[in-house]
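Some notes on the structure that comes next.
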Amino acid sequence: MNVVPEITRKSITDLINNLERPDSRALDEYREISLETGVISKAEGSARVKIGSSQIIVGTKSQLGSPFPDTPNVGVIMTNSELLPMAAPEFEPGPPDEKSVELARVTDRCIRESQMVDLEKLCLVEGKKVWMIFIDLHILDYDGNLMDAAVLGAVAALLNTRIPKATMVDDEIVIDYENKEPLPIREKALMCTFAKIGEQMVLDPSLAEEEILSARLSIGMTESGNICALQKGGATPLTKEEIMNAVKITEEKTKELMEYLP
Amino acid sequence: MNVVPEITRKSITDLINNLERPDSRALDEYREISLETGVISKAEGSARVKIGSSQIIVGTKSQLGSPFPDTPNVGVIMTNSELLPMAAPEFEPGPPDEKSVELARVTDRCIRESQMVDLEKLCLVEGKKVWMIFIDLHILDYDGNLMDAAVLGAVAALLNTRIPKATMVDDEIVIDYENKEPLPIREKALMCTFAKIGEQMVLDPSLAEEEILSARLSIGMTESGNICALQKGGATPLTKEEIMNAVKITEEKTKELMEYLP
Amino acid sequence: MNVVPEITRKSITDLINNLERPDSRALDEYREISLETGVISKAEGSARVKIGSSQIIVGTKSQLGSPFPDTPNVGVIMTNSELLPMAAPEFEPGPPDEKSVELARVTDRCIRESQMVDLEKLCLVEGKKVWMIFIDLHILDYDGNLMDAAVLGAVAALLNTRIPKATMVDDEIVIDYENKEPLPIREKALMCTFAKIGEQMVLDPSLAEEEILSARLSIGMTESGNICALQKGGATPLTKEEIMNAVKITEEKTKELMEYLP
Amino acid sequence: MIIIITEDTNLGAKSREDGRAFDELRPLKIEAGVLERADGSAYLEFGGNKILVAVYGPKESHIRRFQRPDRAYIRCRYNMAPFSVDDRKRPGPDRRSMEISKVTAEALQPSILLEKYPRALIDIFIEVLEAEGGTRCAGITAASVALADAGIPMKDMVVACASGKVNDQIVLDLSEVEDKEGQADLPVAIMPRSGEITLLQSDGSLNAGEFEKAVDLAVEGCQAISKVQQDALKKRYGE
Amino acid sequence: MIIIITEDTNLGAKSREDGRAFDELRPLKIEAGVLERADGSAYLEFGGNKILVAVYGPKESHIRRFQRPDRAYIRCRYNMAPFSVDDRKRPGPDRRSMEISKVTAEALQPSILLEKYPRALIDIFIEVLEAEGGTRCAGITAASVALADAGIPMKDMVVACASGKVNDQIVLDLSEVEDKEGQADLPVAIMPRSGEITLLQSDGSLNAGEFEKAVDLAVEGCQAISKVQQDALKKRYGE
Amino acid sequence: MIIIITEDTNLGAKSREDGRAFDELRPLKIEAGVLERADGSAYLEFGGNKILVAVYGPKESHIRRFQRPDRAYIRCRYNMAPFSVDDRKRPGPDRRSMEISKVTAEALQPSILLEKYPRALIDIFIEVLEAEGGTRCAGITAASVALADAGIPMKDMVVACASGKVNDQIVLDLSEVEDKEGQADLPVAIMPRSGEITLLQSDGSLNAGEFEKAVDLAVEGCQAISKVQQDALKKRYGE
């Protein structure tokens with residue numbers, strides 16, 4: 001738990017109330033974003049994403065497994081996140097805490113509910129064998145707004161993923177590692193996160209902003225403008241107007257973000 | 001760990017040495033008992049039991065599983081207890097501690113050793129498939145004497161349990177959820193718990209009494225008067241006379257308790 | 001963590017710099033060693049080893065299991081160590097710490113890499129069924145130099161092990177507990193541990209020596225003089241000369257140690 | 001397996017599987033002060049949901065993690081009983097319950113005058129005894145009543161309700177079946193006096209128009225439930 | 001599988017599977033002071049049981065949970081070695097060992113003058129190296145000797161022994177086979193001077209008469225074992 | 001499955017599977033100062049290995065276990081990313097990573113002037129992003145650069161490299177395939193100024209002569225890598 005000095009809190013808040021930000025960005029402007037894919041050869045898909053100095057490596061791995069009993073004909077996506085102790089002085093080694101779990105689950109919902117991956121195509125034998133795609137978020141450097149970076153990185157890694165071709169030959173599953181195929185991808189989705197500070201909502205909060213935010217709003221949106229995931233955080237309420245305004249900005253900004261995808 | 005003021009300890013002990021109790025009960029008298037069954041629709045059997053203000057919800061669930069290797073032809077009963085942090089200020093969230101484990105294991109022994117449930121009838125395929133009955137003790141409010149409440153609630157929940165009819169059709173197990181059947185119940189057993197305070201043994205200790213008891217004795221007994229489980233607790237010894245006297249009272253009191261069962 | 005008084009540290013170091021030791025041993029001399037096998041009837045192999053007052057019981061158990069995917073035709077050895085809280089005032093109950101894990105893994109490497117047990121003979125059905133041999137190191141009393149005691153005890157227990165004869169009869173594995181066979185043992189290996197104190201390397205450090213050592217070197221060697229495992233420990237470097245000298249002493253001392261084996 | 005037969009002739013406002021109108025809540029019952037040991041408690045039945053909440057505190061904590069120099073810390077634990085769902089749930093926290101515990105604490109926090117109790121700990125224990133869709137909202141609603149029952153000073157009494165999209169229609173308060181088979185689920189908590197939103201999640205697909213409609217509908221549901229909360233407290237403490 | 005052939009002609013006092021009389025103990029051996037590092041220790045063989053106990057303390061503890069303002073705290077850990085039973089036991093505590101640790105601490109506590117060492121911790125570590133029925137009683141018996149060996153002041157030396165019902169007969173000191181196939185098992189610990197009972201459990205079916213007989217028989221067994229405890233200490237420390 | 005075709009005509013110095021000479025290192029690249037939050041950091045690529053190291057400290061620690069009265073305490077955590085190996089690795093420490101964390105801390109400790117910071121904690125976090133044989137040595141090499149980048153005062157910069165025996169030949173810097181199929185693997189770390197050895201392990205079979213040759217070869221490899229470490233720091237901080 002970081003205690004931010006009152007004077008810092010006040011000076012940032014005053015800036016933002018005047019529609020300015022510590023790093024001179026516009027309120028609805030992202031920091032510099034960089035995205036590379038295919039950075040880990042042993043992963044089946046991978047991406048390194050940076051938003052400002054926040055840095056995440058995302059790797060995917062496929063594995064044959066059993067479907068969930070209530071959805072016997074669809075593949076499974078499992079998203080896991082590690083807020084590595086390397087990423088910030090306040091992170092400690094140990095099992096995922098609730099911050100880490102929230103990050104993984106919101107990323108997972110954004111991908112799952114956008115129906116970006118056609119999970120039915122990942123079913124080999126109904127009720128028996130489906131592909132399980134593991135998405136591992138490895139948080140290396142924490143400089144604010146992990147949510148948007150995580151979703152951007154995860155989507156890029158999925159686009160980059162190649163899984164072995166699996167076919168049924170005489171009741172046996174043959175997995176052909178020589179022939180790898182991309183995942184069946186449909187409409188993509190990304191996420192925009194806002195922080196409420198003072199009277200304003202700012203897009204893509206930096207670490208300094210995140211430490212003093214009173215509320216957080218993350219909106220996942222598909223290319224066609226559907227909200228596929230949304231998560232409010234923080235200990236202060238938001239008005240409906242603030243939320244609807246953020247939705248409007250997200251419509252525009254997701255388009256911008258999509259251009260970073262491979 | 002609660003530290004009881006010396007003056008409270010002394011005043012209760014003095015009362016009991018005079019054959020009186022803080023809540024005016026006789027030494028061998030239960031507090032008010034209430035018992036409802038079928039309180040949780042999604043459980044296969046359930047009961048809510050209150051002794052004084054101690055309150056437990058017991059739920060049962062059945063599941064097909066493998067028998068233990070050394071008892072291939074009998075079903076399995078698994079009893080689990082959670083001393084929820086809700087139930088008392090001193091209970092903390094976390095895995096079951098030794099108090100919780102003892103409660104579950106003594107309840108389990110009372111039910112198992114009374115042979116109340118005819119476990120052989122829960123075997124479908126010898127060595128392969130048997131019914132496993134999970135009994136979950138959910139402790140909501142802790143006002144003393146959880147043992148007797150747990151056993152009473154567990155027995156009531158078992159009596160209330162309906163499991164799907166399972167039959168073998170052409171080497172396949174068919175589980176018919178439309179036809180549910182009660183468990184094969186034989187002679188029932190219940191439990192009476194005594195606390196040694198001062199020179200006396202008192203039945204059904206309240207919380208105030210439990211906090212100052214020097215020894216505890218829990219006796220599980222079948223309808224026909226057989227002792228099927230017994231557990232001494234506490235840091236003070238008991239004489240054989242005290243124990244035999246408690247057995248005698250239990251013979252009478254289990255009969256009383258049985259009348260609460262559905 | 002034990003803090004050793006500076007005066008003790010100095011007096012032992014001075015002694016050793018003068019080529020003497022607190023218990024009057026030569027620098028390359030073991031304390032008294034005792035070794036019994038077959039001490040635990042329910043284990044398939046067992047040994048009790050004492051070096052000085054350090055005492056370990058080692059027990060082995062066999063179990064049929066699956067081979068590792070990358071070595072489908074060889075059996076499996078699993079070595080586990082428990083630094084019991086009984087063994088020293090500073091050991092606490094709980095899962096194995098890194099000291100315990102290192103002890104188990106170095107013991108395991110010494111046995112595995114010496115190829116002492118012919119693991120191919122422990123394969124029943126390639127890729128499907130192999131024998132798994134569990135070696136459990138139960139540390140009862142900690143008086144320094146657990147490494148050499150652990151390896152000596154583990155090797156003795158393996159030599160003492162009798163596993164049931166398993167044969168394939170019509171595609172079924174038949175395990176015959178009436179006919180037990182020794183493990184397929186080839187060339188044996190043992191371990192010698194040195195402590196650097198002051199300017200010298202001493203063999204078989206006692207507890208008092210271990211508490212002030214600056215570096216530790218454990219060398220596992222086969223009967224024919226091959227180094228099969230080696231582990232440096234401690235926070236001070238060693239020179240190549242010190243290491244090569246220790247190797248030379250080990251060649252001689254492993255032969256001595258071998259004579260304790262049954 | 002649960003087979004649900006839906007008649008094709010069901011139309012308009014009454015098209016939901018359980019026959020409710022699109023803006024109709026399931027039957028709701030709240031009782032305050034149901035436990036002996038807890039400082040405050042509440043029991044809630046909402047459709048097939050059965051929720052029990054206990055509150056302890058404000059109290060001293062010896063655990064550094066649970067201390068804040070300028071205010072009380074809220075520890076919230078959402079937990080499902082093993083028998084509360086169709087397949088027995090293994091005891092102990094999982095990822096879902098960890099996330100719900102977090103957002104529940106955040107949903108309740110704005111209403112509580114935490115600065116009155118620096119360094120103190122307030123424990124909120126939510127037990128789902130039976131689950132039938134919408135347990136996180138039901139838990140928040142019950143927790144507010146338990147906080148009030150514990151005498152914790154609050155600005156307002158947070159209340160929660162979900163809306164969502166089922167069969168292309170925006171509806172209030174999804175049942176378990178609607179949650180599973182529906183297109184979107186949107187849990188909302190508000191402070192009813194100001195109408196401000198303290199919990200908002202969304203899971204599924206909604207365009208901006210549907211989203212706004214769903215938020216409005218959920219807020220309406222919250223306002224209705226808020227009255228039942230107040231009645232529960234009145235019933236216990238008098239007007 | 002273990003096949004045990006019992007001759008039908010075995011009758012009366014010699015009817016047990018291993019040929020013992022109904023009131024006959026298995027061979028017993030106790031040795032005090034067997035470990036270097038522990039403050040006190042004891043090794044016990046009882047039938048096929050092999051038990052080692054170490055005692056540390058009274059010592060200072062930094063852990064709040066293990067402190068009592070007015071007396072020493074006893075921490076007891078009963079543990080089975082992985083190789084002590086037929087199928088390898090996974091290392092670490094399980095529910096059975098947790099319960100036994102608890103009742104063992106309670107069985108020993110009445111004999112120890114805890115009030116002499118406020119805030120201190122006494123550690124009792126019981127290791128079952130080989131198990132053949134009756135390990136909890138054997139552990140208690142050995143622990144008393146280890147406590148005495150550690151110089152912990154005691155009023156008396158607790159001793160334990162089980163009785164039970166096998167083939168409709170009340171017998172002393174059940175072996176592993178008798179424990180598994182028998183009708184009841186009744187572990188008892190006493191303070192031999194006063195005859196008071198500090199541990200009592202029962203598992204199985206006994207009517208009141210059988211129960212009383214079993215208690216009496218176990219107490220007799222305890223008294224006999226008590227002498228072996230004393231001999232072990234005499235052997236180590238002289239008369 | 002990985003099928004590797006080796007040509008029979010490869011002879012002498014070029015007989016290794018990837019065509020390297022027996023004393024040839026894989027391509028190596030080190031960069032210092034790659035993370036924002038950490039006090040010091042380094043990124044290393046070595047053959048197919050990708051390693052990232054962060055250092056925090058010296059800092060105050062509230063945890064007793066991590067305090068030493070007369071010097072700083074080093075906590076080292078070697079961790080593999082789930083996607084760093086062929087089959088996904090479950091997150092969290094395992095026995096292998098626990099051992100590597102321990103020997104890594106011991107390998108680095110001799111170079112650090114710990115006595116300058118009594119009671120302080122220095123955290124070294126090593127993340128294996130991709131593994132292809134020799135990760136523990138690569139982690140130590142990168143950790144030294146990260147320590148220097150954090151401004152931690154050191155006597156020397158520890159550097160590590162493995163040698164081993166493959167196809168009856170002593171070779172430098174085993175690849176993943178050579179590690180798996182080879183006869184011995186010998187990781188070594190040294191302080192390059194004195195040539196003293198701070199890490200030494202051996203896994204496999206070597207006679208005394210081979211062992212000595214392997215140690216010598218590894219030390220040579222270390223000296224070569226040491227220059228790359230220095231270049232990385234010069235590149236960041238200038239000469």
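Letters A, B, ... mirror the listed sequences (proteins, then strands); counts begin at 1. Quick caveat, the model's predicted, so the values are computed rather than measured.
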- Message: At a heavy-atom distance under 4.5 Å, which candidate from A:Ile243, A:Thr236, A:Asp97 has the highest pair count against chain D?
- Response: A:Ile243

- Checked D:Ser202, D:Ala105, D:Ala184, D:Ala208 vs chain A; the most non-hydrogen pairs under 4.5 Å come from D:Ser202

- Message: For D:Pro110 versus A:Ala235, what's the shortest heavy-atom pair and its separation?
- Response: CG-O, 3.2 Å

- To the nearest 0.5 Å, tell me how far D:Asp86 CG sits from A:Asp70 CG. 10.0 Å

- Between A:Arg109 and D:Glu99, does at least one N-O distance fall below 4.0 Å, as a salt bridge requires? yes

- Which one, D:Met191, D:Glu212, D:Arg65, leads in non-hydrogen pairs under 4.5 Å with chain A? D:Glu212

- Message: Could you check whether any side-chain heavy atom of A:Thr239 comes within less than 4.5 Å of a side-chain heavy atom of D:Ile197, counting everything from C-beta outward?
- Response: no

- Has D:Asp94 got more than 12 heavy atoms of other residues, nucleotides or ligands less than 6.0 Å from its CG? yes

- Message: So for atom CD, which belongs to A:Glu199, do other residues, nucleotides or ligands contribute more than 12 heavy atoms lying within a distance under 6.0 Å?
- Response: no

- Evaluate whether atom CD1 of D:Ile63 has more than 12 neighbouring non-hydrogen atoms of other residues, nucleotides or ligands under 6.0 angstrom away. yes

- Residues D:Asp216 and A:Lys240 bridged, charged N to O under 4.0 Å: yes

- Query: Given side chains that start at C-beta, do those of A:Arg105 and D:Arg96 come closer than 4.5 Å, heavy atoms only?
  - Reply: yes

- Please look at A:Pro96 and chain D and tell me whether the side chain, the backbone, both or neither of the residue comes under 4.5 angstrom of a heavy atom of that chain. backbone

- Query: Taking everything shown except D:Lys116 itself, do over 12 heavy atoms lie less than 6.0 Å from its NZ?
  - Reply: no

- Query: Does the distance from a Lys or Arg side-chain N to an Asp or Glu carboxylate O, for A:Lys232 and D:Glu106, drop under 4.0 Å?
  - Reply: no

- Query: Rounded to the nearest 0.5 Å, how far does CG of A:Leu217 lie from CG of D:Leu200?
  - Reply: 6.5 Å

- Nearest-0.5 Å distance, CD of residue A:Glu102 to CD of residue D:Gln201: 8.0 Å

- With a 4.5 Å limit on heavy-atom distance, are the side chains of D:Leu199 and A:Gln231 in contact? no

- Task: Using non-hydrogen atoms and a 4.5 Å limit, figure out which bit of A:Asp108 sits close to chain D: side chain, backbone, both or neither.
- Result: neither

- Task: Would you kindly say whether A:Glu113 and D:Gln183 are connected by a side-chain donor-acceptor distance under 3.5 Å?
- Result: no

- Note on the structure: With chain D, the option among A:Glu242, A:Met244, A:Glu251 that has the most non-hydrogen atom pairs under 4.5 Å is A:Met244

- May I ask you to test the A:Asn226-D:Phe211 pair for a side-chain heavy-atom distance under 4.5 Å? no

- Message: So, taking the atom named OG1 in D:Thr198 and the one named CG in A:Leu238, what distance separates them when rounded to the nearest 0.5 Å?
- Response: 9.5 Å

